[in-house]
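Read through the structure below, which is laid out as structure tokens, and then see the notes.
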Amino acid sequence: MSVLVLGGAGYIGSHAVYQLIDQMSDVVVIDNLQTGHREAVHPSAKFYEGDCRDINFMRMVFKVESIDSVIHFAANSLVGESTEVPLKYFDNNVYGTQVLLQVMQENELKKIIFSSTAATYGEVDSIPITEDMPAIPTSPYGETKLAMEKMMKWCEQAYGIRYVSLRYFNVAGARESGEIGEDHCPETHLVPIILETALGKRPHITIFGNDYDTPDGTCIRDYIHIEDLIHAHLLALDYLDNGGKSDIFNLGSNQGFSVKEMIETARNVTGKEIPVKSGKRRAGDPSILIASSEKAATILNWRPTRTSIEKIIEDAWNWHVNHPNGYNSDVTNK
Ligand SMILES: NC(=O)c1ccc[n+]([C@@H]2O[C@H](COP(=O)([O-])OP(=O)(O)OC[C@H]3O[C@@H](n4cnc5c(N)ncnc54)[C@H](O)[C@@H]3O)[C@@H](O)[C@H]2O)c1
Ligand SMILES: O=c1ccn([C@@H]2O[C@H](COP(=O)(O)OP(=O)(O)O[C@H]3O[C@H](CO)[C@H](O)[C@H](O)[C@H]3O)[C@@H](O)[C@H]2O)c(=O)[nH]1
């Protein structure tokens with residue numbers, strides 16, 4: 001029996017595929033490569049290029065493969081873009097999940113792990129954020145993720161499909177052994193942008209706002225190492241295999257770092273200057289997001305172990321130095 005990794009050519013999905021194969025699972029990847037990279041897919045995984053909104057394609061894969069459980073990463077996930085083209089987000093994220101659940105129901109598949117986000121919470125009144133706080137998204141992106149969680153809740157009631165929804169905070173870093181890393185186009189995430197500046201690919205990094213109500217005026221986020229994040233998915237699969245009930249868990253490291261602290265740490269790790277400019281606030285950015293991951297610790301027995309920000313930046317830097325043009329320069333993988 002195989003695990004289906006939907007979106008397994010993307011940043012987070014590709015790291016899940018590597019860890020699943022490390023633990024000897026059979027893996028089937030579906031990805032339409034809209035933001036993913038064929039080169040990021042582990043050579044031992046079975047790869048189908050296609051769109052999860054295409055129900056005939058999905059039915060074909062489910063017919064050919066013996067799929068036991070699904071990890072669902074496929075989505076559009078840029079907060080800013082989602083405010084400009086919300087229907088693109090509802091179409092790909094919500095409709096894509098609807099088709100997936102339809103095909104799961106037709107094939108009597110009962111287990112799904114789902115990529116959710118801290119963006120489901122919106123502005124919060126207190127830190128750290130716990131799962132029982134109100135979820136009032138401030139972007140269409142967050143709204144689609146909340147809608148997908150609700151869709152799964154009703155599908156559990158009607159069809160018995162159990163789910164674990166993992167609300168990620170800020171995911172960063174790269175596989176420790178260096179084969180894969182983060183390569184988005186266009187890149188919007190802080191850590192790769194800092195490191196592209198260190199490599200000289202960008203003249204400077206712009207800090208989006210230095211007048212927030214934080215100690216140094218820049219936004220504070222909770223960064224979680226990709227390897228720790230993926231480990232939670234494996235534990236969540238075990239949890240469902242052992243009869244665990246559907247639930248929602250935050251995944252973060254329970255500590256916050258400001259944009260300035262991230263840049264300073266990257267200067268130390270890389271030994272590069274990393275020029276900085278001050279810019280305006282970016283629309284939709286909350287000042288502070290820090291997770292409580294106590295629930296994942298208690299129920300899934302998940303505890304992140306790579307919690308130093310140096311370690312996260314070191315592993316990301318290792319990949320960037322060896323792949324200065326992302327997957328495009330990766331001749332060894334082609
Ligand atoms: N990166 C983060 O910090 C972060 C934080 C919270 C949640 N998430 C969620 O984690 C998931 C993965 O994020 P990522 O950073 O790896 O993004 P990504 O864009 O690198 O990966 C998404 C993958 O899904 C594929 N895909 C998208 N739509 C598809 C479709 N209709 N059919 C088939 N394949 C499709 C893309 O080609 C890509 O390979 C997303 O659901 C995202 O919302 C990410
Ligand atoms: O060039 C840049 C890029 C980012 N930032 C700042 O760095 C922080 C982190 O920004 P990212 O874009 O890396 O991450 P976000 O916090 O905006 O969002 C990420 O984490 C969220 C959950 O916390 C969502 O899940 C979302 O999908 C995911 O991209 C923010 O304060 C942002 O304003 C800059 O100052 N300059």
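Both counts, for ligands and for their atoms, begin at 1 and track the order of listing.
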To check your reading of the model: name the closest protein heavy atom to atom 25 (O) of ligand 2, its residue, and the distance in Å. Thr117 OG1, 2.5 Å
Parallel under 30°, tilted from 30 to 60°, perpendicular over 60°: which one fits the rings of Tyr121 and Phe169? tilted
Compare Lys260, Lys277, Lys145, Arg221 and give the one whose heavy atom is closest to atom 16 (O) of ligand 2. Arg221
Which class fits the ring pair Phe114 and His72: parallel under 30°, tilted 30 to 60°, perpendicular over 60°? tilted
Considering the heavy atoms of Leu33, write down every atom of ligand 1 situated less than 4.0 Å from one of them. 37 (O)
For His184, counting its heavy atoms only, list the atoms of ligand 1 lying under 4.0 Å from any of them. 14 (P), 15 (O), 17 (O), 18 (P), 20 (O)
Would you call Lys311 and Asp315 a salt bridge, using N to O less than 4.0 angstrom? yes
Location of contacts on Thr188 toward ligand 2, heavy atoms closer than 4.0 Å: backbone
Mark yes or no for whether His225, through its side chain, and Glu227, through its backbone, hold a donor-acceptor pair below 3.5 Å. yes
Gly50 near ligand 1 by a heavy-atom separation under 4.0 Å: yes
Any nitrogen or oxygen of Ala118 lying under 3.5 Å from a nitrogen or oxygen in ligand 2? Just yes or no. no
Looking at ligand 1, is there an atom of it that comes within less than 4.0 Å of some heavy atom belonging to Glu182? no
Note: Asn92, heavy atoms under 4.0 Å from ligand 1, region reported as side chain
Any nitrogen or oxygen of Cys52 lying under 3.5 Å from a nitrogen or oxygen in ligand 1? Just yes or no. yes
For Ala9, state whether at least one heavy atom is located under 4.0 Å from any atom of ligand 1. yes
Tell me: protein heavy atom nearest atom 28 (C) of ligand 2, and distance? His189 NE2, 3.9 Å
Aromatic ring pairing Tyr239/Phe249, orientation class (parallel under 30°, perpendicular over 60°, tilted between): perpendicular
Give a yes/no verdict on whether any heavy atom in Ser116 is under 4.0 Å from an atom of ligand 1. yes
Which of the listed options, Phe257, Tyr168, Tyr223, holds the heavy atom that is closest to atom 9 (C) of ligand 2? Tyr223
Does the N or O separation between Asp31 and ligand 1 drop below 3.5 Å for any pair? yes
Can you check which of Tyr95, Phe73, Tyr141 brings a heavy atom nearest to atom 11 (C) of ligand 1? Phe73
From the candidates Leu6, Val41, Leu166, Ile12, the one that places a heavy atom nearest atom 13 (O) of ligand 1: Ile12
For ligand 2, find out whether one of its N or O atoms is nearer than 3.5 Å to an N or O atom of Ile207. no
Quick one: does Tyr212 get a heavy atom under 4.0 Å from ligand 2? no
Side chain, backbone, both or neither: the part of Arg53 lying under 4.0 Å from ligand 1 by heavy atom: side chain
Could you tell me which atoms of ligand 2, counted from 1 in the order shown, lie closer than 4.0 angstrom to a heavy atom of Ile193? 1 (O)
Does the N or O separation between Tyr168 and ligand 1 drop below 3.5 Å for any pair? no
So is Ala74 polar-close to ligand 1, meaning N/O to N/O under 3.5 Å? no
Distance flag, aromatic centroids of Tyr168 and His233, threshold under 6.0 Å: yes
With under 30° as parallel and over 60° as perpendicular, where do the rings of Trp319 and Tyr327 fit, or are they tilted in between? tilted
